[in-house]
Amino acid sequence: MASPESRYVPADLEPRRQRRWAELGLDRTPEPSEVRAENFYALSMFPYPSGNLHMGHVRNYVITDVIARVQRLRGRRVLHPMGWDAFGLPAENAAIERGVDPAEWTGRNIAQMRAQLQRLGLSIDWEREVTTCSPDYYRWTQWLFLQFLEAGLAYRREATVNWDPVDQTVLANEQVDAEGRSWRSGAKVEKRRLRQWFLRITAMADALLDELPQLEGWPERVRTMQANWIGRSRGALLRFPLAEGDGSVQVFTTRPDTIHGVSYVVLAPEHPLVEQLTSPGQQPAVEAFRAEVAATSEQDRVADDRPKRGVALGGTVRHPFSGEAVPVWTADYVLPEYGTGAVMGVPAHDSRDFAFANAHGLPIRTVVVPTEGAAPAEPLAEAFTAPGRLVNSGPFDGLVGEEAIHAVVAAAVAAGCGEARTTYRLRDWLISRQRYWGCPIPVIHCDSCGVVPVPVDQLPVELPTDVDLSGSGGSPLERAEAWRRVPCPCCGADARRETDTMDTFMCSSWYYLRYTDAGNAAEPFSRAAVDRWLPVDQYVGGVEHAILHLLYSRFFTKVLAERGLVGCREPFRRLLTQGMVQGITYRSPSTRRYVPPAAVADPGAPTDPDTGEALEVFYEKMSKSKHNGVDPGAVIDRYGADTARMFILFKAPPEKDLEWDDADVEGQYRFLQRIWRLCDGANRGGLRLADPLPLPSTLTDGERDLRRAVHGAIQAIEEDLLGDELQCNTAVAELMKLSNALGSGLATVRPAVAREALATLLVLLAPFAPHLADELWEQLGGEGSVHRQRWPELDRSALTRDTVTVVLQVKGKVRGQLEVPADTSGDELERLALASDVAQRWLEGTAPRRVIVVPGKLVNLVP
RNA sequence: GCCCGUGUAAUCCAACGGUAGAGAUAGGCGACUUAAAAUCGCUCCAGUGCGGGUUCGAAUCCCGCCACGGGCACCA
């Protein structure tokens, strides 16, 4: 008598499976001595512990988990860690608003998020957890800072910096978007002149750019973004001597070949030579102009397509080659921060100069013409900016392109009025922050010794705990007098601690190194441990860090490599940038108010519950303010973690945005239930996974069909998960296809074939739905855990067919099919095709002009 | 303005240059049921954003557009 059907109850099964995994120590990273295997490092971008896990986290960590689990099944020794990017403003703001201690607040959030994460069944080695705000960790962040200081890569200087008026701190250039807004607060940043700490990332600009092409496992788009950000441009520095007095105006240009087309020189209004070059008559106009520009916001100043305003200074410089007098102007289209803050105006060959010259009646002199075809008619309608052949350029006439550039630069060098120069958009990384909840910069200011590094044996410089976090009036550490006062490590005199803390991106620039040796109390990580695991085999995270975190981490790795601390120059071999998780969003077209989905009566025709008008419906990144978020915990409560995992993997390819849809989640749940019933039925039918039976020497047609489905799935899923692109969505579709094949085929095959099919299904399912696969594995009497199995071996012979369907085309159009033995030769196929009804009907008796045969696929008859 | 990506069925997504559909959601029909849900079976729906080109054959390659998303942008 068969036992009754059992039910799939994830809420009951999942915690049980997780307890079992913990007992078995499945997630622990094996020591090299335990397992002889290749290493695989699977890494997710660690979260800020806000206390709430959201769907973006779930997607990120589930993708990485699938990769980690697949690699384990394939016999690799896997490192799959997790940690917390735990310094940062929300903790401090909570302290200001609610009076809670930032450390406590952060600790609570971590505990809460860890518990939420663990419900997902991620195979994370929690023994290697790192927390950046823990003194055990930030001690080493400080140690690394001192390495930079010693290498001359950390320095303090006064500079014009971005100030976030909401967060009350400065920001690095990377942390301000194109609209001039802070990446965190969204506030418009202001420019301030302050003395700050920087890391000399520009020293690595060439390496950061030139080594980008090696990152073949990175999305093209991220590499392009980094290249744009670094913004290298090669050109020359040219000096125009002042007409009166000593000195010269230096300009940077990428087109030194156009030097003879210069009709004026422009200085940025902030340029130090403006005053000196202003004639008495022009003084009022220049002063008025500078005041006007100073009053313009940064954004307006930089906006494109605005008239190029400027005034002549009255002074002149001499052309470095011809000696002619060149008038000097100041204009708002020249930026003080880029190049030398001065530009040579060549209206004929630069569109900005062209616009400026036309607006102010300056001469336009053509010195470059196309190498082929006619020169543009004069007066020019627009600037000719392409490279070409030089004319009206004295000794340089006739030279072309690069050759012309080199000749002009060589002549400038010989004359002592210039040299080749490369400039970058990239600026040094501003790491000072005027906030409390960050890693203290470990230096001491002494009146006689200057800036003194804190000796390594005194690390960490711990944050004081009794601090006034009122949220106003500068850095809280400045008010911690007792903490600040400290003897100078050099001379012993009274000295003061640095009160700036570090940008949290410092903490996250090396956490992936710490994971390899998380318990090390003597150093941040041992060289051996790092070399064993780095570079990371697969990194997964959001594209919002395309520049920020990923650029900083590359910089860190290169510096550490040059100091012999790590053995590789690039930290992340492969990078997957996952798309956003979007929720369905309802908005009232008239009030622009977001309406919660719960308030929408009929999702088919959504109307505003208050006004009754039809609502706009679209998908957008989940957020509280739009009422479009879905809580991962609620989904797990209702369907279980496996359904949530499967859905999020299946709904869209990992790189693309994903539209959350409750109906699809339901569908995913049904699929897992189908698998449950399939296995339950097999179980009650007496199938046991533990007894591997030899396959019969001859198989029935049904058995061969089932084996073809099984091995077809192995092949397809291997391609999806191990190929260049990770395609979890199609891998899940293959699992569905396989389970459909089992559903119809399992009952009619002998136990050996059924056993192979079911065991394969469960092992292939294990990385995606780890709880369910393991539970069913156990129920069916499988040995050990499904997660300790070997990835199924592909039997190519199972994929073969006796007969295949060959498509008959006439002139590329499908006109019929032929069912032929799989090994039919091309000649035979051609003969069969020509003899077919299709040929009779479509060729009307004439012989085809051409016949294309693709054996096993198609025959194309071309009349 | 420049660069990158994406456009396929009502919807989400597949398709080494070779039969446009793997998979799913929603819809329709049927079976089971007193009925419904669940389940099972069947089924409707696109010629691939637009216009050219290459090819025996194009969703796929090339050229020119359009729409959406993203990055950079008076960067000399």
Side-chain angles (χ1 to χ4, degrees), chain A residues 177-178 219-229 231-233 235-236 251-255 258 266 268 301-308 331-335 337-346 349-353 355-356 423-425 543-544 546-547 577 579-580 604 619 646-647 650-653 655-668 670-671 673-674 677 712-713 716 719 727 729-740 743-744 805-817 848-854 856-863:
Chain A
D177 70 12
E220 178 69 39
R221 164 171 88 111
V222 175
R223 288 187 286 171
T224 310
M225 282 163 72
Q226 292 213 353
N228 282 344
W229 186 261
R232 177 164 67 193
S233 79
V251 303
F252 173 74
T253 177
T254 54
R255 293 293 302 276
T258 63
V266 209
R301 167 95 181 259
V302 166
D304 208 348
D305 288 344
R306 56 196 303 275
K308 291 175 175 37
D332 59 355
Y333 79 97
V334 177
L335 305 175
E337 296 280 309
Y338 186 79
T340 60
V343 168
M344 62 184 207
V346 186
H349 305 293
D350 180 282
S351 50
R352 294 152 303 185
D353 298 342
F356 188 75
T423 62
Y424 303 86
R425 217 186 80 88
V543 73
E544 65 274 16
I547 294 170
T577 50
M580 287 187 294
Y619 283 89
M646 293 286 286
F647 165 78
F650 175 67
K651 175 78 180 172
E655 306 253 5
K656 285 187 71 171
D657 289 346
L658 179 154
E659 297 176 0
W660 188 273
D661 179 350
D662 290 330
D664 284 328
V665 179
E666 194 80 46
Q668 212 49 238
R670 286 204 294 266
F671 170 59
Q673 284 177 312
R674 245 186 338 264
R677 281 195 301 273
E719 280 172 14
Q727 293 181 296
N729 55 325
T730 50
V732 174
E734 287 297 329
L735 288 171
M736 292 172 167
K737 202 164 103 176
L738 178 58
S739 100
N740 290 343
S744 52
T805 305
V806 169
V807 173
L808 272 185
Q809 295 184 336
V810 178
K811 208 166 176 289
K813 296 257 190 297
V814 179
R815 298 301 186 193
Q817 302 180 337
R849 197 161 45 81
R850 220 178 135 179
V851 181
I852 313 285
V853 182
V854 184
K857 283 269 193 214
L858 63 81
V859 181
N860 187 8
L861 305 173
V862 187

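Residue numbering restarts at 1 for every chain, and letters A, B, ... go by the order of the sequence lines.
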Strand partner of [N], provided both Watson-Crick or wobble distances fall under 3.5 Å:
{"N": "B:G41", "result": "B:C29"}
{"N": "B:U48", "result": "none"}
{"N": "B:C68", "result": "B:G5"}
{"N": "B:U55", "result": "none"}
{"N": "B:G23", "result": "B:C12"}

request  = Determine, step by step, whether A:Trp660 and A:Phe647 satisfy the ring-ring contact (aromatic ring centres under 6.0 Å, His included) criterion, reporting the C-alpha distance in whole Å, the side-chain angles of both residues, the deciding distance to 0.1 Å, and the verdict.
outcome  = CA-CA 9 Å; A:Trp660 188 273; A:Phe647 165 78; 4.6 Å; yes
Taking atom [atom1] in both [N] and [M], what distance in whole Å separates the two?
{"N": "B:U60", "M": "B:G7", "atom1": "P", "result": "11 Å"}
{"N": "B:U8", "M": "B:A15", "atom1": "P", "result": "14 Å"}
{"N": "B:G27", "M": "B:C45", "atom1": "C1'", "result": "10 Å"}
{"N": "B:C66", "M": "B:G57", "atom1": "P", "result": "29 Å"}
{"N": "B:U11", "M": "B:G17", "atom1": "P", "result": "27 Å"}
{"N": "B:U48", "M": "B:C13", "atom1": "C1'", "result": "14 Å"}
{"N": "B:G30", "M": "B:G23", "atom1": "C1'", "result": "24 Å"}
{"N": "B:G64", "M": "B:C4", "atom1": "P", "result": "12 Å"}

Phosphate oxygens OP1/OP2 of [N]: is one of them under 4.0 Å from a side-chain N or O of [X]?
{"X": "A:Arg223", "N": "B:C4", "result": "no"}
{"X": "A:Ser351", "N": "B:C74", "result": "no"}
{"X": "A:Asn860", "N": "B:G18", "result": "no"}
{"X": "A:Arg850", "N": "B:C56", "result": "yes"}

5' priority, RNA chain B, between A:Phe252 and A:Lys656 [closest heavy atom] = A:Lys656
Pairwise 5' ranking along RNA chain B for A:Gly812 and A:Val343, keeping only the more 5' one = A:Gly812
Send over the distance from [X] [atom1] to [N] [atom2], rounded to a whole Å.
{"X": "A:Leu861", "N": "B:U19", "atom1": "CG", "atom2": "P", "value": "16 Å"}
{"X": "A:Met580", "N": "B:C68", "atom1": "CE", "atom2": "C1'", "value": "13 Å"}
{"X": "A:Arg677", "N": "B:A38", "atom1": "CZ", "atom2": "P", "value": "12 Å"}
{"X": "A:Met225", "N": "B:G69", "atom1": "CE", "atom2": "C1'", "value": "12 Å"}
{"X": "A:Glu220", "N": "B:C72", "atom1": "CD", "atom2": "C1'", "value": "15 Å"}
{"X": "A:Asp657", "N": "B:G5", "atom1": "CG", "atom2": "C1'", "value": "11 Å"}
{"X": "A:Lys857", "N": "B:G17", "atom1": "NZ", "atom2": "C1'", "value": "12 Å"}
{"X": "A:Lys737", "N": "B:A15", "atom1": "NZ", "atom2": "P", "value": "12 Å"}

Looking at [X] and [Y], what are the two nearest heavy atoms and their distance?
{"X": "A:Val806", "Y": "A:Gly856", "result": "CG2-C, 4.1 Å"}
{"X": "A:Phe671", "Y": "A:Ser739", "result": "CE1-OG, 3.3 Å"}
{"X": "A:Ser233", "Y": "A:Tyr338", "result": "OG-OH, 3.1 Å"}
{"X": "A:Asp661", "Y": "A:Lys651", "result": "CB-NZ, 3.9 Å"}
{"X": "A:Gly339", "Y": "A:Phe252", "result": "CA-CB, 4.3 Å"}

If you check every side-chain atom of [X], which of [options] has the closest atom?
{"X": "A:Arg670", "options": "B:C72, B:C74, B:U25", "value": "B:U25"}
{"X": "A:Asn729", "options": "B:A76, B:G71, B:A14", "value": "B:A14"}
{"X": "A:Tyr338", "options": "B:G23, B:A76, B:U25", "value": "B:A76"}
{"X": "A:Thr253", "options": "B:C56, B:G71, B:A76", "value": "B:A76"}
{"X": "A:Thr730", "options": "B:A24, B:C13, B:A14", "value": "B:A14"}
{"X": "A:Asp664", "options": "B:C56, B:A24, B:A76", "value": "B:A24"}
{"X": "A:Pro653", "options": "B:C4, B:G18, B:A14", "value": "B:A14"}
{"X": "A:Met736", "options": "B:A24, B:C56, B:C3", "value": "B:A24"}

request  = Please confirm whether any donor atom in the side chain of A:Glu734 sits under 3.5 Å from an acceptor in the base of B:G23, or the reverse.
outcome  = no
Side-chain donor/acceptor of A:Lys651 to base of B:C12, under 3.5 Å = no
inquiry  = Could you check whether any side-chain heavy atom of A:Thr577 comes within less than 4.5 Å of a side-chain heavy atom of A:Glu655, counting everything from C-beta outward?
reply    = yes
ask   = Is the backbone N or O of A:Ala546 less than 3.5 Å from a side-chain atom of A:Gln226, with the two atoms forming a donor-acceptor pair by type?
value = yes
May I ask you to say what [X] touches in the nucleic acid, namely base, sugar-phosphate or nothing, with a heavy-atom cut-off under 4.0 Å?
{"X": "A:Phe650", "answer": "base"}
{"X": "A:Arg849", "answer": "nothing"}
{"X": "A:Pro219", "answer": "nothing"}
{"X": "A:Glu659", "answer": "sugar-phosphate"}
{"X": "A:Gly667", "answer": "sugar-phosphate"}
{"X": "A:Val814", "answer": "sugar-phosphate"}
{"X": "A:Glu337", "answer": "nothing"}

ask   = About how many Å separate NZ of A:Lys811 and CG of A:Asn860, when rounded to the nearest 0.5 Å?
value = 9.5 Å
task = Could you tell me whether B:G53 is syn or anti, where syn means a glycosidic angle within 90 degrees of zero?
result = anti
